[in-house]
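Structure first, then comments.
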Amino acid sequence: MTAMPLPPPGDNRLGAITDDLAQKGWSWQPGFLPDALYRALREDVLAIDAEDELELAGVGRDDAFLLDRSIRRSRIAWMDRSTPAQAAFLDWAETLREAINRTLMIGLFEFEACFAVYRPGGFYDRHLDSFEGAKNRVVSLVVYLNEDWKAEDGGALLVWPEGAGEEAEPVAALLPEGAGVALMLSETIPHAVAATRATRYAIAAWWRVNPSVYGRVDPLS
Ligand code: OGA
Ligand code: MN
């Protein structure tokens, strides 16, 4: 696959994304993923699903890792560069990283991404993406790979503003329409996946900050 172009000049979606992240901590960009990349990634996830290469998704990590089906019911497959579509996606994400770093000076560093498949009845309760006690995931990226999603299919991404109480209503309910892209600050924006009634395909991804410098008084020590 050839290199995936960013939006042409005049379509200032990168600026909108960084403005949104700075002002409210999240951004929704319908149809942002370039079409050829969307189609190739959708084929990839359909093949992975058909070959049953998905593992049950957990919550937390290492010792705290739980396969808690009361919080999250979905399956995932980590992405690598094993297909042209995955390689192109990782390159595309790199251009986003550069734009965010340049504008917001966050210093995003590592990227990890997985395909996530929710079967009918699948959901993910309200949560933050950054694990407690470890400031590692800083910006979250979600990309949807669904064709012709309808409101009655459910599966909306529900977003709350920073600091919203458990009882607060979400400020957005975003349908996971193909090529739509959501970004959120991982440590502050609570979000959830409403129960889905159709099989729901997405990529869930995160950037980390450089673990050797972030949060240390003296990065050279
Ligand atoms: C996640 C997540 C949102 C979505 O995987 O952490 O919140 O819309 N995904 O799939
Ligand atoms: Mn999440």
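This is a predicted model, so every value here is computed, not measured. Below, all heavy atoms of this structure are taken into account, side chains as well, without hydrogens, waters or symmetry copies. Read the numbers this way: they start at 1 and go in the same order the structure lists the ligands and their atoms.
Heavy-atom minimum distance, E166 versus R126: CA-NH1, 3.8 Å. Looking at every heavy atom in both residues, Y144 comes nearest to R200 through CE2-NH2, 3.4 Å.
Within 6.0 Å of CD on E94 lie more than 12 heavy atoms contributed by other residues, nucleotides or ligands. Heavy atoms of other residues, nucleotides or ligands lying less than 6.0 angstrom from CD of E98 number more than 12. Other residues, nucleotides and ligands contribute at most 12 non-hydrogen atoms within 6.0 Å of the CD atom of E169.
The contact set between ligand 1 and V142, taken as ligand atoms under 4.0 Å from a residue heavy atom, comprises 4 (C), 8 (O), 10 (O). Shown in contact with L157 at under 4.0 Å from a heavy atom are these atoms of ligand 1, numbered in order with element: 3 (C), 8 (O).
Counting only protein N, O or S atoms, 3 lie closer than 2.8 Å to the Mn ion (ligand 2).
For atom 1 (C) of ligand 1, the closest non-hydrogen atom on the protein side is Y124 CE1, 3.7 Å. The protein non-hydrogen atom at the shortest distance from atom 3 (C) of ligand 1 is V193 CG2, 3.5 Å. The protein heavy-atom contact nearest to atom 5 (O) of ligand 1 is A204 CB, 3.5 Å. The nearest heavy-atom contact from the protein to atom 10 (O) of ligand 1 is R200 NH1, 2.8 Å. Closest to atom 8 (O) of ligand 1 among all protein heavy atoms lies Y144 OH, 2.5 Å. Protein heavy atom closest to atom 6 (O) of ligand 1, with residue, atom name and distance, is D129 OD1, 3.1 Å.
Between H191 and ligand 1, at least one pair of N/O atoms sits closer than 3.5 Å. For ligand 1, the polar-atom distance check finds no N/O of Y118 at less than 3.5 Å from any of the ligand's N/O atoms.
Checked for salt-bridge contact, D19 and R13 miss the test: no charged N lies under 4.0 Å from a carboxylate O.
Looking only at distances, a side-chain donor or acceptor of N12 sits under 3.5 Å from a matching main-chain atom of G15.
A side chain to side chain contact (heavy atoms under 4.5 Å, CB included) with N101 holds for exactly one of L96, T18, I106; it is I106.
Donor-acceptor pairing under 3.5 Å is lacking for the side chains of S186 and D129.
For R39, the salt bridge (Lys or Arg N to Asp or Glu O under 4.0 Å) partners at least two apart in sequence or on another chain are D35.
For the pair R137 and W207, the cation-pi test (distance below 6.0 Å, angle within 45°) is failed.
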